[in-house]
2 protein chains.
Amino acid sequence: MNEPTFLILTALAGEPRHGYAVIEDVERITGGRVRLRAGTLYAALDRLRGEGLIEVDREEIVQSRLRRYYRLTGAGEQRLGAESARLREQATIAERRLRARRTDFGGATA
Amino acid sequence: MNEPTFLILTALAGEPRHGYAVIEDVERITGGRVRLRAGTLYAALDRLRGEGLIEVDREEIVQSRLRRYYRLTGAGEQRLGAESARLREQATIAERRLRARRTDFGGATA
DNA sequence: CACTATATACCGACCGTCGGCATATGCGCT
DNA sequence: AGCGCATATGCCGACGGTCGGTATATAGTG
């Protein structure tokens, strides 16, 4: 799973959000580093809905503008949990190797 | 940075490795989940070399077959460290939100 | 009056990866 | 002897996901 997709699921794990609110939340949790493009977001939303990881929560009309809220499904929760575990493991391995480089000089690492 | 690229840098963070050894190491550290395609690997190696994140360590001929070893540069170390930190942060946020869902029912989360 | 923010949605372009193929040698099995 | 597998680098076309831009529409701010 790519980063934007992961971040979209994370945004929806907090609470049901509509598209634009997802863009804002992702920008917030990445410290401003990732600002999702509209094209990326809505394409991903459709795709994730097709995969059953998210679903439409409800629709609201605010100031004659549609807001379509999405929420994480049970499958989406499981998937996000699995992806999180994977990221954490990979980060741990990389950090262990980087640390070993700074300590011993030239030795191999597990 | 995408997952295969991250894993290639992680493989080279352990010790200098030639292409095929990178494929094997990535397979090992992902528990068999990721088996890099030759096309992916060598294209990524060229690209990372162009970005200055890795460089050729040495070349050996073993059984009349070439082995080109690559190693991480200083810039590569820094980059891998930054990416690891990013993965860890994102995993932490996702996990916190998933945990909150199982505890309170329907509340918003930071 | 123009610009920005809000909000959804489509489109072409691009990049990285996938999957397959080519090439070459040595090893183990039948 | 012949076949497949592992080793090893590398090219190629296809594909999927993201980018960047545009369209549409309304409300608020300078």
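So you know, we letter chains A, B, ... as the sequences are listed, proteins then strands, and number each from 1.
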Verify, without hydrogens or angle tests, whether A/Arg97 (side chain) and B/Thr10 (backbone) share a donor-acceptor contact under 3.5 angstrom.
-> yes
Polar pairs (N or O, both sides) under 3.5 Å between protein and nucleotides 21-28 of chain D?
{"residue": "D/dT26", "atom": "O2", "partner": "A/Arg65", "partner atom": "NH2", "Å": "2.4"}

Set of side-chain hydrogen bond (donor to acceptor under 3.5 Å, both in side chains) partners for A/Glu27, sequence neighbours left out | A/Arg35
Check side chain to side chain contact (heavy atoms under 4.5 Å, CB included) between B/Ala82 and all other residues, then give those that pass, not counting sequence neighbours.
-> none
Which residue lies more 5' along DNA chain D, comparing A/Thr5 with B/Arg68 via nearest heavy atoms | B/Arg68
Positional range of nucleotides in DNA chain C within the contact set of chain B, heavy-atom, under 4.0 Å = C/dG16 to C/dG26
Separation of D/dG10 atom P from B/Asp46 atom CG, nearest Å, is 7 Å
Nearest-Å distance, CD (B/Glu59) to C1' (D/dG10)?
-> 14 Å
Taking OH from A/Tyr42 and P from D/dT18, how many angstroms apart are they, rounded to a whole number?
-> 15 Å
Set of residues satisfying side chain to side chain contact (heavy atoms under 4.5 Å, CB included) with respect to A/Arg58, sequence neighbours excluded = A/Pro16, A/Glu60, A/Tyr69
Salt bridge (charged side-chain N to carboxylate O under 4.0 Å, His left out) with B/Arg88: which residues, sequence neighbours excluded?
-> A/Glu95
Establish, with yes or no, whether the OP1 or OP2 oxygen of D/dG20 is under 4.0 angstrom from a side-chain nitrogen or oxygen of A/Thr40.
-> no
NA contact type, A/Glu24, heavy-atom cut-off 4.0 Å: base, sugar-phosphate, or nothing?
-> sugar-phosphate
Quickly work out the A/Arg47 CZ to D/dC19 P distance and round it to whole Å.
-> 11 Å
Rounded interatomic separation in angstrom, taking CG from A/Leu41 and P from D/dG20 | 15 Å
Return the value, rounded to whole Å, for the distance between atom CD of A/Glu3 and atom C1' of D/dG16.
-> 17 Å
Those residues that, when tested against A/Asp57, pass side-chain hydrogen bond (donor to acceptor under 3.5 Å, both in side chains) (two or more places apart) | A/Arg71
Joining Ile, Leu, Val, Met, Phe, Trp and Tyr whenever any side-chain heavy atoms lie under 4.5 Å apart, the cluster holding A/Leu66 also takes in A/Ile61
Residue pairs involving residues 2-12 of chain B (criterion salt bridge (charged side-chain N to carboxylate O under 4.0 Å, His left out); sequence neighbours excluded) | A/Arg86-B/Glu3, B/Glu3-B/Arg33
OG1 of A/Thr40 to CD1 of A/Ile8, rounded to nearest 0.5 Å, is 7.5 Å
